[in-house]
Amino acid sequence: MGLYVNSRKPQNNFQETVNSVYFVDKTGLLEELIPIVGPGTRAGNQNGLMAGQGNKYICITRPRRFGKTVAANMIAAYFGKGYDGHQIFDGLKIHACEQYEAHLNQHNVVYITFSEMPGGCGTYEQYILRIQKRILADLMRAYPNACIEENDTLWDAFNNIYELEEEVKFIFVLDEWDFIFHRGFVTDQDKKAYLSFLSSLLKDQPYVELAYMTGILPIAKYSSGSELNMFFEYTMASEEKYCAYFGFSEAEVDGLYKIYLEQTAHPKVTREGLRIWYNGYHTMSGGKVYNPRSVAAALTNNNLGSYWTSSGPYDEIFYYVGKNVDDVRDALALMVSGVPVRTRVREYAASSMGLATKEEILSAMVVYGFLSCEQGNVFIPNKELMDQFEEMLRKEPSLGYVYRLAKASDRMLEATISGDTDTLCSILEYAHNTEIPLLSYSNETDQGSRIRAAF
């Protein structure tokens, strides 16, 4: 067992997930990966499977909090050697797979969480050297006869093992591979070095049994060359394959809600409330999905609230809007009024720090999960995000009339409560003259009808 090679960490993490009250079984993903990995190593369980049935380089891109890390932990926990996964997986759907036993804990897995950084990290060199040194140390301990030296590159070390240890292969599970691109200390030269590092480690290497990567942004959009062109990318907006394993479907939320009612003494969350707050994301297959983290948090806390968006401040939304306020202002006013906006989503736009046009800005917001997209229209998917957009509008005078209308909606509520009809009429006249009625989403029932009317 090592820190990166056949680590216990993903097993422990996935065990906690399985033991949670609001767990949804997504082990069907494993059944789709097994044919790619090939035959298992347990005698009598091969059943004629050939290695390499499908592309062995897979990258899943989704917004934050959509289950990418849970899936990565699951993959490493199932395939990785060094422990017995029966206690985790025997009760899950994958147990019915014909090749279940043949692959359970029978593979070498290199699991890297790229969001982990050394203390006080201020340079790319510090970041990448920590990863390289730890993996190299794992390999030297596990394969003392492979002639690995401390100054070897990782690909040299892996190739030594492959050549000298009877063609030993590895599954690489790389979580949040694009994390480093968002660090302020990383230069353009560092980014090129990082892409070269991943390419040298994975591309056309005989020791790679499977390379499974997750991230937010598409791989090819970071690279203008061919460094990582061996990967097949599966995004929420453009690829149907693997959609079922990220986000919660209506049926899955129904099942969780039933558990919630059975285990909660005084339930305060309604099923309709979950739909209003957390549904609205669209997949290429045409289905709608819920934000999984937010659903689980709402049921656990017995309270509807903003959980996904609590992972980043409202300024994160304004980062994109602020790139070209003039061009985005009208689109934003329509969307907060519940009206979808027509645009062409370009998933690579978010990788550019020089976002300029409305199309690029809205595309970036779709990639990061602030907006959803269906049939060429973008929109704010649910109340959780609507609340964040309204908060931004109330804080940013640069948004002009949209900002003023948001402020007016607050005054309208106060005038209504106090019975001040003169002020209320004045505000309504202003909103009418502006021709863009900013809707209030403080009432859940009204919120639901408005969102439904938009589709």
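By convention here, the first residue in the shown sequence is residue 1. Bear in mind the structure is a predicted one, so any value in this text is a computation, not a measurement.
Looking at N301, its side chain does come within 3.5 Å of a backbone N or O of A297 through a donor-acceptor pair. Side-chain N or O atoms of D327 include one that pairs as donor or acceptor with a backbone N or O of K358 at under 3.5 Å. Side-chain atoms of S199 never come within 3.5 Å of backbone atoms of L195 as a donor-acceptor pair (strictly under, hydrogens ignored). A distance-only check finds a donor-acceptor pair linking the side chain of N73 to the backbone of T69 [under 3.5 Å]. At distances below 3.5 Å, at least one donor-acceptor pair connects side-chain atoms of D152 with backbone N or O atoms of E149.
Here the closest non-hydrogen pair linking N105 and G85 is OD1-N, 2.6 Å. Nearest heavy atoms, C121 versus F185: SG-CZ, 3.8 Å. Here the closest heavy-atom approach between residue I36 and residue K56 is recorded as CG2-CA, 3.6 Å. Shortest non-hydrogen contact noted between Y278 and N303 is OH-O, 4.4 Å. The nearest pair of heavy atoms linking H282 to S372 is N-OG, 3.1 Å. Scanning both residues, L3 and D138, for their nearest heavy atoms gives N-OD2, 3.0 Å.
Contact annotation: the side chain of N108 never approaches that of V110 to less than 4.5 Å [non-hydrogen atoms, C-beta and beyond]. Annotation: side chain of Q106 is not in contact with side chain of K81 (no heavy-atom distance under 4.5 Å). Annotation: side chain of L164 is in contact with side chain of C147 (closest heavy-atom distance under 4.5 Å). Here the side chains of N382 and I276 are not in contact, with every heavy-atom distance at 4.5 Å or above. A 4.5 Å side-chain heavy-atom check between F114 and D178 finds every atom pair outside the cut-off. Considering only heavy atoms from C-beta on, L174 stays 4.5 Å or farther from T214 through its side chain. Here the side chains of Y22 and V295 are not in contact, with every heavy-atom distance at 4.5 Å or above. Using a 4.5 Å heavy-atom threshold, the side chains of F66 and P292 count as touching.
Under the rule for a ring-ring contact (aromatic ring centres under 6.0 Å, His included), Y143 has no partner lying at least two apart in sequence or in another chain. Here Y234 pairs with Y242 under the ring-ring contact (aromatic ring centres under 6.0 Å, His included) rule; sequence neighbours left out. Take Y245 and apply the ring-ring contact (aromatic ring centres under 6.0 Å, His included) test, not counting sequence neighbours, and it matches no residue. Residues satisfying the side chain to side chain contact (heavy atoms under 4.5 Å, CB included) test with A72, not counting sequence neighbours, are Y111, V173, D175. Applying the ring-ring contact (aromatic ring centres under 6.0 Å, His included) rule to F246 yields no partners; only residues at least two apart in sequence or on another chain are considered. In this structure, K192 has no salt bridge (Lys or Arg N to Asp or Glu O under 4.0 Å) partners at least two apart in sequence or on a different chain.
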| request: Mind running side-chain contact (heavy atoms from CB on, under 4.5 Å) on E116 and F179 for me, showing each step along the way? | output: CA-CA 9 Å; E116 295 178 346; F179 173 85; over 6 Å; no
| field | Derivation and outcome, side-chain contact (heavy atoms from CB on, under 4.5 Å), residues R130 and Q126 | value | CA-CA 6 Å; R130 173 181 177 270; Q126 290 176 319; over 6 Å; no
| request: Could you go through the side-chain hydrogen bond (donor to acceptor under 3.5 Å, both in side chains) check for E250 and N279 one step at a time? | output: CA-CA 9 Å; E250 289 283 0; N279 195 12; 3.1 Å; yes
| field | CA sep, side-chain torsions, deciding dist, call: F232, Y57, ring pair (Phe, Tyr, Trp, His ring centres under 6.0 Å) | value | CA-CA 6 Å; F232 279 18; Y57 296 98; 9.2 Å; no
| message | Does L274 form a side-chain contact (heavy atoms from CB on, under 4.5 Å) with L299? I'd like the steps, not just the answer. | response | CA-CA 9 Å; L274 290 174; L299 296 179; 4.0 Å; yes
| request: Start with the C-alpha gap between V21 and I259, add the side-chain angles, then the distance that decides, and say whether side-chain contact (heavy atoms from CB on, under 4.5 Å) holds. | output: CA-CA 8 Å; V21 175; I259 295 172; 3.8 Å; yes
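In this structure, the separation between OG1 on T300 and CD on Q263 is 10.0 Å, given to the nearest 0.5 Å. Atom CG of L201 is separated from atom CD1 of I131 by 10.5 Å, given to the nearest 0.5 angstrom. Here the OG1 atom belonging to T113 is positioned 8.0 Å from the CG atom belonging to N13, to the nearest 0.5 angstrom. Rounding to the nearest 0.5 Å places SG of C59 at 4.5 Å from CE of M213. Rounded to the nearest 0.5 angstrom, T187 OG1 and K191 NZ are separated by 8.5 Å. Taking CG of L198 as the reference point, atom CG of L228 lies at 5.5 Å (rounded to 0.5 Å).
When only modelled atom types and interatomic distance are considered, N229 and K203 share a side-chain donor-acceptor pair under 3.5 Å. E227 and S196 are not linked by any side-chain donor-acceptor pair at a separation below 3.5 angstrom, with hydrogens and angles left out of the test. When only modelled atom types and interatomic distance are considered, N159 and Q205 share a side-chain donor-acceptor pair under 3.5 Å. For the residue pair E165/N160, the side-chain donor-acceptor check at 3.5 Å is not satisfied. Checked by atom type, the side-chain pair Y307/N291 shows no donor-acceptor distance below 3.5 Å.
Salt-bridge formation is not detected for the pair E176/K68: no Lys NZ or Arg NE/NH1/NH2 atom is positioned less than 4.0 Å from an Asp or Glu carboxylate oxygen. The pair E252-K26 counts as a salt bridge, with a side-chain nitrogen and a carboxylate oxygen less than 4.0 angstrom apart. Under the 4.0 Å criterion applied to side-chain N and carboxylate O atoms, K383 and D387 are assigned as salt-bridge partners. Salt bridge status for R342 with E359: absent, with no side-chain N to carboxylate O gap under 4.0 Å.
Applying side chain to side chain contact (heavy atoms under 4.5 Å, CB included) to F79 and the options N6, L104, L30 leaves one that passes, L30.
Cation-pi check for R183 over F181 is not met; the charged atom does not lie both under 6.0 angstrom from the ring centroid and within 45 degrees of its normal.
Within 6.0 Å of the CG atom in N19, the count of heavy atoms belonging to other residues, nucleotides or ligands exceeds 12. A 6.0 Å sphere centred on CD of Q375 holds no more than 12 heavy atoms belonging to other residues, nucleotides or ligands.
Using a 30° and 60° split on the angle between ring planes, Y100 and H86 fall in the perpendicular class, above 60°. Aromatic ring orientation, Y194 versus Y124: perpendicular (interplanar angle above 60°, classes split at 30° and 60°).
Ring-centre distance between F158 and F172: below the 6.0 Å cut-off. Residues F89 and H103 place their aromatic rings such that the two centres sit no closer than 6.0 Å.
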